[in-house]
Amino acid sequence: MDYKQQIKKERLPRHVAIIMDGNGRWAKKLGMMRVLGHKQGVNVVREITEEAAQLGIQYLTLYAFSTENWNRPKEEVDALMSLLVNTIVNETATLMKNNVQLLSIGDLNRLPDDAKRNIQDCIAKTSMNTGLKLVIALSYSARWEIIQAVKNIAQSVKNEDIQVEQIDEQVFSAALTTKEMPDPDLLIRTSGELRISNFLLWQLAYAELYFTDCLWPEFTKEEFYKAIVDYQGRERRFGKTSEQI
Ligand code: IPE
Ligand code: IPE
Ligand code: MG
């Protein structure tokens, strides 16, 4: 039952994306306020980031706050924002120690000034690190991202920088916030919900999907290894036949 030993180092997913869901239900189950679920969720982020770095995964993208999450009660949004600021400030030293580079995707302009500034500081400080790239999706939604990309490409056509005929998958990918990243190989969603919730709609085209009932605050490194082992057991055909692989 030791999943870590079953992981084949030569077949690691290059990019793992996670929809970290279930913080609120975890807190409710224990009779606590939702924000305490988010606090516990941060501890799990720390543990999984460290594990991903140690395993040698190159990209870990974490869905931390969606465009739609702005519609939650103001108290919860405010609590999430201050948790975010504190976490980034407190964790920068650990990211440096572990050679982790922080990146973000999403509309940072919607964040409170201090949150935005702290994230940008951490991104700048860790920019020379060469290990794991930790990508935080903040105020992110795939439809928002796709609309931005369409606007950018339309502007380039208008400026005559490119011709309409030149627009292809590469041009489109390069207009997305994930332009320098490989597409996720593995998407994990916790908490038993079987949906994508507006996350990386373009980039997940051929990702392997892994759903677990485990709530995010209860997610452990064992669960993480288990998801990777499951992924390594899949045959990725990309439209071809089994015989061609
Ligand atoms: C995920 O947990 C964290 C965020 C979306 C910020 P939730 O807060 O969605 O927890 P549930 O789904 O209500 O249990
Ligand atoms: C998705 O979780 C967004 C994040 C994990 C940040 P939600 O809890 O917001 O998703 P829905 O509303 O259940 O689809
Ligand atoms: Mg949720």
Side-chain angles (χ1 to χ4, degrees), residues 15-49 52 59-88 90-91 102-112 114-116 118-119 134-148 176-178 181 184 186-204 207-220 223-224 227:
H15 184 171
V16 178
I18 307 184
I19 301 177
M20 311 181 289
D21 198 13
N23 294 352
R25 275 164 284 168
W26 178 82
K28 192 170 175 191
K29 198 170 74 168
L30 299 178
M32 303 189 309
M33 284 168 36
R34 290 179 60 86
V35 63
L36 292 174
H38 298 313
K39 279 202 173 135
Q40 181 55 28
V42 170
N43 295 332
V44 179
V45 168
R46 197 179 295 118
E47 171 160 341
I48 298 306
T49 302
Y59 289 83
L60 177 66
T61 299
L62 301 176
Y63 204 5
F65 193 87
S66 72
T67 303
E68 289 73 21
N69 289 150
W70 287 113
N71 298 322
R72 291 193 178 192
K74 187 176 181 304
E75 310 83 72
E76 181 164 345
V77 171
D78 290 349
L80 274 165
M81 290 301 145
S82 49
L83 189 59
L84 186 79
V85 174
N86 293 335
T87 306
I88 302 264
N90 294 336
E91 296 300 320
L102 184 77
L103 299 166
S104 82
I105 55 173
D107 190 0
L108 289 191
N109 289 327
R110 286 189 72 177
L111 296 186
D114 61 334
K116 188 178 161 187
N118 281 296
I119 290 161
L134 174 63
V135 186
I136 304 291
L138 264 180
S139 188
Y140 173 89
S141 76
R143 287 184 176 179
W144 165 82
E145 178 184 41
I146 288 169
I147 297 288
Q148 297 308 309
L176 295 170
T177 58
T178 50
M181 309 172 197
L186 169 63
L187 171 77
I188 299 172
R189 182 172 189 149
T190 59
S191 89
E193 306 298 353
L194 307 180
R195 55 178 172 263
I196 302 294
S197 300
N198 215 349
F199 192 39
L200 300 173
L201 295 178
W202 170 274
Q203 298 87 338
L204 291 173
E208 295 297 327
L209 308 182
Y210 181 89
F211 297 99
T212 168
D213 286 338
C214 188
L215 302 171
W216 179 251
E218 294 171 338
F219 194 75
T220 57
E223 292 282 342
F224 189 49

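Counting starts at 1 for both ligands and their atoms, in listed order.
- At the top of the distance list for atom 10 (O) of ligand 1, counting protein heavy atoms only, stands Gly24 N, 2.9 Å.
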**Study point:** Trace of the side-chain contact (heavy atoms from CB on, under 4.5 Å) decision for Leu176 with Ile105
**Key:** CA-CA 9 Å; Leu176 295 170; Ile105 55 173; over 6 Å; no
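- One finds the CD atom of Glu193 at 9.5 Å from the CG atom of Asp213 (value rounded to the nearest 0.5 Å).
- Closest to atom 1 (C) of ligand 1, if we only count protein heavy atoms, is Met20 O, 3.0 Å.
- The CE atom of Met20 sits 11.5 Å away from the CD1 atom of Ile188 when rounded to the nearest 0.5 Å.
- Evaluated by nearest non-hydrogen atom to atom 6 (C) of ligand 2, the leading choice among Trp216, Tyr63, Phe199, Tyr140 is Tyr63.
- Residues Arg143 and Thr67 have side chains that never bring a donor and an acceptor to within less than 3.5 angstrom of each other.
- Atom 2 (O) of ligand 2 has its closest protein heavy atom at Arg189 NH2, 3.7 Å.
- Note: an N/O pair closer than 3.5 Å links Asn23 and ligand 1 by distance alone.
- Counting only distance, with no hydrogens or angles, the side chain of Ser104 and the backbone of Ile136 share no donor-acceptor pair below 3.5 Å.
- Rounded to the nearest 0.5 Å, atoms CG (Asn23) and CG (Leu83) are 9.5 Å apart.
- Residue Phe65 has no nitrogen or oxygen atom sitting less than 3.5 Å from a nitrogen or oxygen atom of ligand 1, judged on distance alone.
- The contact set between ligand 1 and Arg25, taken as ligand atoms under 4.0 Å from a residue heavy atom, comprises 11 (P), 12 (O), 14 (O).
- Within a 6.0 Å radius of CE in Met33, other residues, nucleotides and ligands contribute 12 heavy atoms or fewer.
- Considering only non-hydrogen protein atoms, atom 9 (O) of ligand 2 sits nearest to Asn69 ND2, 2.9 Å.
- Remark: the Gln40 side chain and the Asn43 side chain contain an N/O donor-acceptor pair separated by less than 3.5 Å.
- Shown here, atom 12 (O) of ligand 2 is out of close reach of the protein: none of its heavy atoms lies under 4.0 Å off.
- From Leu62, atom CG reaches atom OH of Tyr140 across 13.5 Å, with rounding to the nearest 0.5 Å.
- Using a non-hydrogen distance threshold of 4.0 Å, Arg72 registers as a contact of ligand 2.
- At a 3.5 angstrom cut-off on N or O pairs, Trp26 does not count as close to ligand 1.
- The atoms of ligand 1 that sit less than 4.0 Å from any heavy atom of Ala64 are 6 (C).
- Here the N, O or S atom of Asp21 that is nearest to the Mg ion (ligand 3) is OD1.
- Set against the non-hydrogen atoms of Arg34, the atoms of ligand 1 under 4.0 Å away are 7 (P), 8 (O), 10 (O), 13 (O).
- Distances between N or O atoms of Ser197 and those of ligand 2 include at least one value under 3.5 Å.
- A donor atom on one side chain and an acceptor atom on the other are not found under 3.5 Å apart for Ser191 and Trp216.
- Ligand 1 is never approached by Ser191 to a heavy-atom distance shorter than 4.0 Å.
- Listed by number with element, the atoms of ligand 1 under 4.0 angstrom from any heavy atom of His38 are 3 (C), 8 (O).
- Atom CG of Leu108 and atom NZ of Lys116 lie 7.0 Å apart (nearest 0.5 Å).
- Counting heavy atoms closer than 4.0 Å to ligand 2, residue Arg195 contributes side-chain atoms (C-beta onward) but none from N, CA, C or O.
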